[in-house]
Amino acid sequence: MMAGKAMFSVGFRLGYLGAGLVFTMFDSSLYTVEGGNRAVIFDRYHGVINETVGEGSHFVIPWLQWPNFFNIRSNPYTSTTIAHSKDLQEVRVIIRVLSHPDVTQLPRIYKMLGPMYEQKVLPSIGNEALKAAVDEFTADELYFPRVTSLIREKLIPRAKNFDIIIDDVAIIHLSYGSELSDAVERTQVAKQEVERSKLLIDKAEQEARATIAWAEGESQCSKLISDATLASVMAWIELKRIEALKEISVILSKNPNIIYIPKKSSVSLEVKVDE
């Protein structure tokens with residue numbers, strides 16, 4: 001009876017061990033591809049299997065096969081490059097590239113470049129396309145839409161050779177070298193000085209026009225005052241003459257020797273003189 005119990009205990013342990021081993025094998029053979037990802041299977045005997053595994057749960061042979069995961073979403077990559085324009089001016093440009101791998105070519109990407117393909121490819125082709133684009137323009141012709149469009153045209157076919165699809169290219173910063181920046185600053189200062197001189201000249205012209213207008217006004221005012229004064233003097237003289245004539249008339253009218261005073265004459269008088 002004791003022997004039976006021992007055999008039962010050993011069998012139970014072996015069964016438990018076998019169940020654990022089966023569960024471990026099952027768990028290690030099952031893997032899940034998350035959303036926005038794909039998997040490439042590596043086989044110890046056949047190498048990389050030329051098939052891309054989609055999202056969901058899948059099986060592999062434990063120890064013999066294992067999955068390698070790739071993110072197929074658009075991933076940003078930022079690159080800083082110092083290039084030279086057509087007129088040999090130093091330009092510092094920072095670009096942002098959105099890209100994702102060609103899903104159908106993931107096995108080839110894994111064989112040729114490995115899972116870190118972006119860090120191996122994008123820095124070199126990004127700098128190459130950026131320098132080639134900047135080299136076609138002078139410093140004053142560099143503006144974001146034109147340069148970005150040319151970078152995109154040069155970068156897309158280069159990335160396609162490595163099975164990378166470019167979704168978007170954008171320049172997020174562009175600055176010039178110290179010499180050009182100083183020259184631009186001096187130019188801006190000179191322009192501001194010119195504008196300031198123009199304003200001072202305009203101000204002086206306005207003040208001159210105001211002075212001329214004031215002088216003309218003073219002259220006109222003086223003329224009006226002079227004319228008014230002259231007219232009032234003449235009127236005053238005429239008034240005094242009339243008053244003098246009235247006094248003379250009164251005096252002459254009392255003189256018995258006067259026989260006639262002409263109506264329209266203040267000088268011709270006929271006087272009766274005793275003989």
Side-chain angles (χ1 to χ4, degrees), residues 10-81 83 93-133 147-172:
V10 171
F12 180 77
R13 290 178 180 178
L14 290 176
Y16 182 79
L17 181 62
L21 182 62
V22 170
F23 178 78
T24 302
M25 293 290 290
F26 177 81
D27 184 66
S28 61
S29 65
L30 182 67
Y31 70 96
T32 301
V33 180
E34 302 291 341
N37 291 270
R38 295 293 184 272
V40 175
I41 305 301
F42 180 81
D43 189 284
R44 288 183 181 274
Y45 293 106
H46 301 93
V48 179
I49 298 177
N50 291 322
E51 182 181 353
T52 301
V53 182
E55 300 170 359
S57 297
H58 306 275
F59 290 96
V60 292
I61 301 173
W63 184 82
L64 187 63
Q65 298 175 338
W66 62 84
N68 297 277
F69 299 100
F70 285 85
N71 184 358
I72 62 170
R73 301 184 184 95
S74 291
N75 297 308
Y77 167 77
T78 302
S79 175
T80 302
T81 304
V93 185
I94 302 177
I95 63 171
R96 187 214 60 201
V97 179
L98 292 178
S99 65
H100 69 275
D102 186 349
V103 177
T104 61
Q105 299 298 323
L106 285 178
R108 180 172 179 268
I109 293 175
Y110 184 74
K111 288 179 183 179
M112 303 295 296
L113 302 171
M116 307 300 292
Y117 65 94
E118 290 180 330
Q119 297 180 7
K120 297 177 180 179
V121 175
L122 290 181
S124 59
I125 65 175
N127 290 343
E128 177 186 347
L130 178 57
K131 289 182 178 180
V147 180
T148 301
S149 177
L150 190 56
I151 293 174
R152 185 182 296 111
E153 291 178 3
K154 293 180 178 296
L155 187 58
I156 288 177
R158 292 286 291 124
K160 192 174 182 180
N161 293 336
F162 298 94
D163 302 312
I164 299 174
I165 299 174
I166 302 298
D167 298 319
D168 183 58
V169 179
I171 295 177
I172 58 178

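Both backbone and side-chain heavy atoms feed into the values below; hydrogens, waters and symmetry mates do not.
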With rounding to the nearest 0.5 Å, note down the distance linking [atom1] in [X] to [atom2] in [Y].
{"X": "Ile41", "Y": "Asn68", "atom1": "CD1", "atom2": "CG", "value": "7.5 Å"}
{"X": "Ser124", "Y": "Phe162", "atom1": "OG", "atom2": "CZ", "value": "6.0 Å"}
{"X": "Asp163", "Y": "Leu106", "atom1": "CG", "atom2": "CG", "value": "9.0 Å"}
{"X": "Gln65", "Y": "Asp43", "atom1": "CD", "atom2": "CG", "value": "4.5 Å"}
{"X": "Tyr117", "Y": "Ile109", "atom1": "OH", "atom2": "CD1", "value": "6.0 Å"}

Quiz item: Hey, which of Thr80, Thr78, Ile95, Val93 is the one that makes side chain to side chain contact (heavy atoms under 4.5 Å, CB included) with Ile172?
Solution: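 The passing option is Thr78.
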
Look at the side chain of [X] and the backbone N and O of [Y], then say whether any donor-acceptor pair between them is shorter than 3.5 Å.
{"X": "Glu118", "Y": "Tyr77", "value": "no"}
{"X": "Asn161", "Y": "Ala159", "value": "no"}
{"X": "Arg38", "Y": "Gly54", "value": "no"}
{"X": "Thr52", "Y": "Val103", "value": "yes"}

Quiz item: So Asp167 and Ser99, side-chain hydrogen bond (donor to acceptor under 3.5 Å, both in side chains) or not? Walk me through it.
Solution: CA-CA 5 Å; Asp167 298 319; Ser99 65; over 6 Å; no

Quiz item: What class does the angle between the rings of Phe70 and Tyr110 fall in, given that below 30° is parallel, 30 to 60° is tilted and above 60° is perpendicular?
Solution: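 Plane angle over 60°, so perpendicular.
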
Quiz item: Who passes side-chain contact (heavy atoms from CB on, under 4.5 Å) against Lys131, sequence neighbours left out?
Solution: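 With neighbours one apart ignored, the set is Thr81, Ala83.
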
Self-check item: For Ala39, side-chain contact (heavy atoms from CB on, under 4.5 Å) partners two or more places apart
Solution: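 Per chain and number, Ala39 pairs via side-chain contact (heavy atoms from CB on, under 4.5 Å) with Tyr31, Val33, Val53, Pro67, Phe69.
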
Quiz item: Which atom names give the shortest non-hydrogen contact between Asn71 and Asn37, and what distance separates them?
Solution: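 Minimum heavy-atom contact is CA-OD1, 3.5 Å.
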
Practice problem: Considering non-hydrogen atoms only, spot the tightest contact between Ala170 and Thr148 and give its length. | Solution: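 Closest heavy-atom pair between Ala170 and Thr148: CA-CG2, 4.1 Å.
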
Quiz prompt | By salt bridge (charged side-chain N to carboxylate O under 4.0 Å, His left out) - contacts of Glu128 (at least two apart) | solution = Arg158

Quiz prompt | Short N-O contact, Arg96 and Asp168, less than 4.0 angstrom | solution =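 A salt bridge is present here (some side-chain N lies under 4.0 Å from a carboxylate O).
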
Self-check item: Over 12 foreign heavy atoms within 6.0 Å of NZ, Lys160
Solution: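 No, not enclosed.
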
